[in-house]
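These notes are about the structure you will find just below.
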Amino acid sequence: MSRRSGVSWTQTFVHVQGRGAVDCHTYPDRTPILELSAGASVVKVVLPATRVDDAVRVFARELAEQARAFAEEVERLHHNQNKRESKREEEAA
């Protein structure tokens, strides 16, 4: 994901401990809102309300691709963790 200097003016970190939620709110005549929440924190990704140009479309695709990559990495780590725990349990038995 590319970062352009001077475009973003804030960073937000949401620490998710298994109780997070992600929702996509859609509307008939405006762009969707993507909402990520964990505990009392909420981050909303909003786009220009009614205008979807190519840059907005490309951003949405990149967001989806990076979310997929994130999920795949979490799955990989979870799988490896479970393998290590199973091996420890076998060795302890």
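What's counted below: heavy atoms across the whole structure, side chains too, no hydrogens, waters or symmetry copies.
Applying the side chain to side chain donor-acceptor pair (under 3.5 Å) criterion to E75, with sequence neighbours excluded, gives no partner residue. Checked against salt bridge (Lys or Arg N to Asp or Glu O under 4.0 Å), E73 has the following partners two or more places apart in sequence or in another chain: R76. Residues satisfying the side chain to side chain donor-acceptor pair (under 3.5 Å) test with E90, not counting sequence neighbours, are none. Here R61 pairs with nothing under the salt bridge (Lys or Arg N to Asp or Glu O under 4.0 Å) rule; sequence neighbours left out. Applying the side chain to side chain contact (heavy atoms under 4.5 Å, CB included) rule to V58 yields the partners D54, E62; only residues at least two apart in sequence or on another chain are considered. Q81 pairs by the side chain to side chain donor-acceptor pair (under 3.5 Å) definition with E85, not counting sequence neighbours.
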Under 3.5 Å, which donor-acceptor pairs do the side chains of residues 29-52 form with other protein atoms, sequence neighbours left out?
from: T31; atom 1: OG1; to: P48; atom 2: O; distance (Å): 3.0
from: E35; atom 1: OE1; to: K44; atom 2: NZ; distance (Å): 3.4

Which pairs of donor and acceptor atoms, one on a side chain in residues 15-28, lie under 3.5 Å apart (sequence neighbours left out)?
from: H15; atom 1: NE2; to: Q17; atom 2: NE2; distance (Å): 3.1

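Atom CZ in R68 sits 12.0 Å away from atom CG in L63 (nearest 0.5 Å).
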